[in-house]
K.L.:
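I have a structure here, written as structure tokens, and I will follow up with some questions on it.
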Amino acid sequence: MANHRFDVRVLPGFGVVAIFTLVMLYLPIIILVIFSFNESQSQAVWGGFSLKWYEAAFNNRQVVDVSIRSLWLALVAAGIATMLATLAALATTRVGRFPGQTMIYALINQPLMVPEIVTGIALLIFVAFLKVQTGYSGMGYMVAAHTAFCIPFAYLPIRARLETMDLTLETAAADLYATPVQTFTHVTLPLLVPGIVAGFMLGFVVSLDTVVITEFVKSAGQDTLPTYMLGQLRRSVTPEMNAIATLFLALSLVVVSVFFLITRKRG
Amino acid sequence: MNDSATRADYQGKGDATVADGAQQSGNEIEIEAVSKVFGLGAAAFHALTEIDLTIRTGEFFTLLGPSGCGKTTLLRVIAGFEHPSSGQLRIMGQDVVGQAPNRRLVNTVFQNYALFPHMTVAQNIGFGLKMLGRPRSEIDATTSEMLHLVKMEAMATRKPAELSGGQQQRVALARALAPRPRVLLLDEPLSALDLKLRKEMQTELKRLQVETGITFVFVTHDQEEALTMSDRLAVMNKGRILQLGSPHDIYHAPKERFVADFIGETNFLSLKVIAVQGRSADLTLPDGRSIPARMAQGVTPAPGETVSAVIRPEQAQLVEAGTGELSATVNSSVFFGTDTHIHLTLEDGQPFTVRRQNTVGQAAPATGARVGLALAPGALQVLRG
């Protein structure tokens, strides 16, 4: 809806502020990407174009291991979180208003509101307790922690989609002899797909990205790509890290693009 | 499960019922003392109060009333989207109170059409039959038959978003008709269309109703729609049915002030009763001439009492001053093309409007002229209350 009376572009200095903000946002990333192709080991002096840091990264057994761990962890956690979030969204939008509904919203969105470091420390203590009690120290804790952390990110777009969906469509399906289950599978679910895809993508990216939760929950040998990179950076900064970060960036861009294409086609 | 048994039942009955229903009682829907209350205690809203209504098999029945009168709630009760707070509801003689919408042999055309956006036109139309578990071949055959019926063959593979409002309307109709329901419920289906398209769809709806022989229950706030399309109509206000009858009865013999006022234009007159004989009465104005009038059912005025009576503007004619039943003075004339509205003041100051069909060369009466009014015999109706 265009406002013809007022145009933000006439504000003095608007263009300067806009350009400055965009430069600050993207310049560091552009430099990171450029230096991932640097022949020399320096982060400041350009020594010519080379793919040797990418080669080094792919030949680094550890990098490959943590990358694969990061990916499957994100897939599993985002997958479970999306299923749970879909059920939660249905329960909070498809029944009448009930007492404590706002409370439920707040509880579901806990990871968005509680500082991550607090959640991290709480998980550290809780998981340590469980490890002692059960003797189990596998990836189960990581999956559970990442899933819980992903739920609100998956929940929000799914709920938004359900809330804007025309309820008459479900009424119309019932009117046309669909049972409640058929109404869900033939009408509600197909219309919910863009929300579910968005929820999954968000959860996936969040899980892939989180350092704090992983750092506090992981046992020995359970590093993900971000915690591995953090560990490496403490020792030395080589353009190999630039190369890994660039690949990481490329993956995120692919995920976001896929999400955009799917929602645009559906929308 | 129990569910599939009921649906199998319906499939078996489907074809036989049209003949059965017509022979049995002629009543498609029987509503007895149905009330619907939303909310509790002081905040309670009485959407429907003690509705008694019988809708006959194969008729075009209209629920007419202003917004908030309860007409849509009544439709939703018939469809099963709302359950009555009290009262009885039978469809084809079968008690359906508490029965879910997907078990009822009625289909609805929604005000906003509610087409499934992720399905094509053909998939939308076939949805009901698919849910009933009919074979693919039957679904395909019925879908193309319905596409033909609403003249949308060329659009079968389009999505609803690619259609105009009028086209969406046709698809919504076809989708609701495809399962061959006993009753089609239409919730203000024409209100979103522009005037020209609305006129077109009025004719179209009437044609579909005659061709399919399905009972139509049509909800509208548009009195013209109600008058032109219905076999019978019920005028509703504040959760009650005020009058039920043919468009002719409702227009020419309104029983209550609200009905007379809501439908068409009308003249309200305060008149004194001289004499009462059965269903007719002699009324008079201060200038003394006697005017015969009909009385609505249940109206029993005593001689000497002042009553409210109505007459339509086209039921009175201007005549020579001193002749006719009433005398009046001309205030203004408004030219409408096909007719002229002449606004008058009666002897005792009451306003009166006459609608006169225009003919070439006929002059409008001069402002301030004194005229007589001749009322069509039987056109004056005494109202209840």
K.L.:
Let me know if A:Asp175 has heavy atoms under 4.5 Å from chain B in its side chain, its backbone, both or neither.
P.N.:
both
K.L.:
Determine whether more than 12 heavy atoms belonging to other residues, nucleotides or ligands lie under 6.0 Å from atom CG of B:Leu40.
P.N.:
no
K.L.:
Please say whether more than 12 non-hydrogen atoms of neighbouring residues, nucleotides or ligands are located less than 6.0 Å from NZ in B:Lys130.
P.N.:
no
K.L.:
Counting neighbours of OH on A:Tyr136 that are heavy atoms of other residues, nucleotides or ligands and sit closer than 6.0 Å, is the number greater than 12?
P.N.:
yes
K.L.:
Looking at B:His83, I'd like to know if its NE2 atom is crowded, meaning that more than 12 non-hydrogen atoms belonging to other residues, nucleotides or ligands lie closer than 6.0 Å.
P.N.:
yes
K.L.:
What I'd like to find out is whether the side chain of B:Phe116 reaches to under 4.5 Å of the side chain of A:Leu176, using heavy atoms alone.
P.N.:
yes
K.L.:
Is the backbone of B:Met131 close enough, under 3.5 Å, to the side chain of A:His186 for a donor and an acceptor to pair up by distance?
P.N.:
no
K.L.:
Look at atom CE of A:Met113 and say whether more than 12 heavy atoms of other residues, nucleotides or ligands are closer to it than 6.0 Å.
P.N.:
yes
K.L.:
If I measure from the heavy atoms of chain A, does B:Leu129 come under 4.5 Å with its side chain, its backbone, both, or neither?
P.N.:
neither
K.L.:
Is the shortest heavy-atom distance from the side chain of B:Pro117 to the side chain of A:Leu169 under 4.5 Å?
P.N.:
yes
K.L.:
Please classify the contact of B:Arg104 with chain A as side chain, backbone, both or neither, using a heavy-atom distance under 4.5 Å.
P.N.:
backbone
K.L.:
Side chains of B:Pro101 and A:Thr171, heavy atoms from C-beta outward: is any pair under 4.5 Å?
P.N.:
no
K.L.:
Take atom CZ of A:Phe20 as the centre, draw a 6.0 Å sphere, and report whether it contains more than 12 heavy atoms from other residues, nucleotides or ligands.
P.N.:
no
K.L.:
Working to the nearest 0.5 angstrom, can you tell me the gap between A:Asp166 CG and B:Tyr113 OH?
P.N.:
13.0 Å
K.L.:
If you take all heavy atoms of A:Leu191 and B:His118, which pair is closest and at what distance?
P.N.:
CD2-ND1, 3.4 Å
K.L.:
Are A:Tyr177 and B:Asn107 close enough that some pair of their side-chain heavy atoms sits under 4.5 Å apart?
P.N.:
yes
K.L.:
How about OH on A:Tyr105, more than 12 heavy atoms from neighbouring residues, nucleotides or ligands closer than 6.0 Å, or not?
P.N.:
yes
